[in-house]
Amino acid sequence: RFDAAGGLEWSRLHGGSHEDQARALAIGPHEVAYVVGTTRSRDLPTEQAFQERSGDEGLDDNRTDGFVLRLHPRGGFVLSSSYLGGARYDVPNAVAVGADGRAVVAGATQSLDFPVVAPLQRAPGAASPADGSFDGFVVGLSWDLDVEFATYLGGVSSDHLRAAALLPDGLVVVAGTTDGGGFPVAGGGRPLAAGGHPGGAAPVTAVLTSSGSRLLFADHGLAADVRLAPGGTLVSPDAELAVEWSGVVRRGAPHAGVP
């Protein structure tokens, strides 16, 4: 952690006996740091974990599990640390934290046994280790890292969720890419155009209720990345996207309503 002048306040190593990689970080209330990433370690230190052991323990040391970590702002000691994943590759790519400390994690998984909780989508649509396909996943966590929901989100092709945001009213927004058709469509969103997306993987954007139980909006081609800007507007660096509470807006015109 660095102070406002750029001086180092503290640093911390967290990992086990194999490769561990932090992939995303978000700062929550009281400056608590939320970190997600991947690990090949079967001895990753856990603390108040919702998943204490690797999902693929003893199967293949080259496969990665996800992890979720919370660090205290003073000294960086571990508040909680947990594995996240099943028996194959699990890759958390993004984490977002709300003002109440709730967090959402988004990523991609090849695991057929990803640990779902109150899922919107119980089974993978595409996860096939034989052809290397992934499905997206979304996990909602309470302020103390209890799992509120965990769900697959994907279609018949390979899907990767790479960005996440929590709107002030609790709605969950995720974005990423799909390699083909079948990614869910909802709330007036557009399916993948015939012939696929120019340039390969198509951007996908989805809005879920705070409980993760309902898909309010899902669209192909809108944005593959999302950020929550000051004032509570959702923006995207790769598309002209702004999400107000009244709906989804693209290029200044109403695109689809979000209840």
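These numbers come from the heavy atoms of this one structure, side chains and all, not from hydrogens, waters or symmetry mates.
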Could you list the residues that satisfy side chain to side chain contact (heavy atoms under 4.5 Å, CB included) with V147, not counting sequence neighbours? F50, V117, V139, L141, A150

For [X], which residues count as a side chain to side chain donor-acceptor pair (under 3.5 Å) partner, sequence neighbours excluded?
X	result
D43	S17
D100	none
T39	D20
E47	none

Residues in salt bridge (charged side-chain N to carboxylate O under 4.0 Å, His left out) with R23, at least two apart? none

List for me each residue that meets salt bridge (charged side-chain N to carboxylate O under 4.0 Å, His left out) alongside E9, sequence neighbours excluded, and say none if there are none. R1

Pairs flagged by salt bridge (Lys or Arg N to Asp or Glu O under 4.0 Å) wherever residues 141-154 is involved - sequence neighbours left out: R102-E148

Pair listing, salt bridge (Lys or Arg N to Asp or Glu O under 4.0 Å) test, anchored in residues 74-84, at least two apart: E31-R74

Any donor-acceptor pair under 3.5 Å from Y152 side chain to P119 backbone: no

Taking transitive links into account, so neighbours of neighbours count too, which hydrophobic residues share a cluster with [X] at under 4.5 Å side-chain distance?
X	value
V138	V104, L120, F149, L153, L161, L166, V172, V174, F183, V204, L208, L215
L8	F2
L69	W10, L25, I27, V35, L44, F67, L71, V78, Y83

